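Quick notes on the structure that follows.
The model shown is predicted, which means the values in this text are computed figures rather than measured ones.
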Amino acid sequence: GGNIHIIAGALTVDSSDIKSGTFYTGTSGTVTIETGTFSLSNGSTIDSSGSDITAGSNLIGKGADVNINVTGAMSMDDSIITSKAYGDGDAGKVRIHAGTLSMTNSAQINSTAGDFFVLGRGGDIVINVAGAMSMDGFSKITSQSPSDADAGQIKVSAGSLALTNG
């Protein structure tokens, strides 16, 4: 898959998707977003995924990295940021740097690899928030591999952190 690089003063993604993927072998493209403010809502997805079993493959497609740099406020409401790999490929890393971060209504940041009986490793998730970070309403951050492979590490650094309702 090809790389996606978005630079904007402000970015709103509402009921929409930004995706880079690959089927079979190869690595999906890196998704990079650089913006002053960023709002992701209403089921929107930022996705860099490797080969997909549902497309009839079970090969070594790798998920690429997702890099998000927001100088100001970032909000996620009922939305997902993910790097996935199916088959034996590894998921990519998810890196988020923001001034503030608000996750609400089951918002998710994840890096998932493999399926049962395959070897893919979950990617690391690194979140650096200079100010306040909040997670509300069953929002979650996960790195996982349902097989025997390792999940990635999750590192969160924030000026303050609030976890509520979930």
For this session: Give a yes or no on whether the backbone of Thr30 and the side-chain of Asn3 come within a donor-acceptor separation of less than 3.5 Å.
Result: yes
For this session: Taking side chain to side chain contact (heavy atoms under 4.5 Å, CB included) as the test, write out the residues that go with Asp78, two or more places apart.
Result: Asn105
For this session: Grab the two heavy atoms, one from Ser44 and one from Ser41, that are nearest each other, plus how far apart they are.
Result: OG-O, 2.6 Å
Anything under 3.5 Å between a donor and an acceptor, one on a side chain of residues 5-12, the other on a protein residue two or more places apart or in another chain? List them.
from: His5; atom 1: NE2; to: Glu34; atom 2: OE2; distance (Å): 2.4

Problem set entry | Any residue meeting side chain to side chain contact (heavy atoms under 4.5 Å, CB included) with Ser143, in chain and number order, not counting sequence neighbours | Ser111, Ile125, Ala151, Ile154
Seminar exercise, completed: In this structure, OG of Ser48 is separated from NZ of Lys84 (nearest 0.5 Å) by 11.5 Å
For this session: Please name all residues satisfying side chain to side chain contact (heavy atoms under 4.5 Å, CB included) with Leu161, sequence neighbours left out, ordered by chain then number.
Result: Met133, Leu163
Exercise. Looking only at atom types and distance, does a side-chain atom of Ser75 sit under 3.5 Å from a main-chain N or O of Ser102, one as donor and one as acceptor?
Worked result: no
Exercise. Any link between Ile68 and Ile18 through a network of hydrophobic side chains (Ile, Leu, Val, Met, Phe, Trp, Tyr) touching at under 4.5 Å?
Worked result: yes
Problem set entry | Non-neighbouring partners of Gln153 that pass side chain to side chain donor-acceptor pair (under 3.5 Å), sequence neighbours left out | none
For this session: Keeping to residues at least two apart or across chains, list the salt bridge (Lys or Arg N to Asp or Glu O under 4.0 Å) pairs with something in residues 5-20.
Result: none
For this session: Ignoring hydrogens and angles, tell me if any N or O in the side chain of Ser83 forms a donor-acceptor pair with the backbone of Ala91 under 3.5 Å.
Result: no
Seminar exercise, completed: Sorted by chain and residue number, the side chain to side chain donor-acceptor pair (under 3.5 Å) partners of Asn110 (sequence neighbours excluded) come out as Thr82, Gln108
Problem set entry | Expected output: side-chain Ser20 to main-chain Ile4 donor-acceptor under 3.5 Å | no
Exercise. What closest approach, in Å, do Thr100 and Val129 show between heavy atoms, and which atom pair accounts for it?
Worked result: CA-CG1, 3.6 Å
Problem set entry | Option passing side chain to side chain contact (heavy atoms under 4.5 Å, CB included) with Ile81 (candidates Ile33, Ile96, Val31) | Ile96
Exercise. Any sub-3.5 Å donor-acceptor pair from Thr35's side-chain atoms to Thr37's backbone N or O?
Worked result: yes
Problem set entry | Pairing residues for Asp136 by the side chain to side chain contact (heavy atoms under 4.5 Å, CB included) criterion, not counting sequence neighbours | Thr104, Thr164, Asn165
Problem set entry | Ser139 side-chain N/O to Ala107 backbone N/O, donor-acceptor pair under 3.5 Å | yes
Exercise. Would a distance-only check, ignoring hydrogens and angles, find a side-chain to backbone donor-acceptor pair under 3.5 Å from Ser16 to Val13?
Worked result: no
Exercise. Which residue pairs pass the salt bridge (Lys or Arg N to Asp or Glu O under 4.0 Å) test with at least one member in residues 95-112, sequence neighbours excluded?
Worked result: Asp65-Arg95
Exercise. Under a 4.5 Å side-chain heavy-atom rule over Ile, Leu, Val, Met, Phe, Trp and Tyr, are Phe38 and Val126 clustered together?
Worked result: no
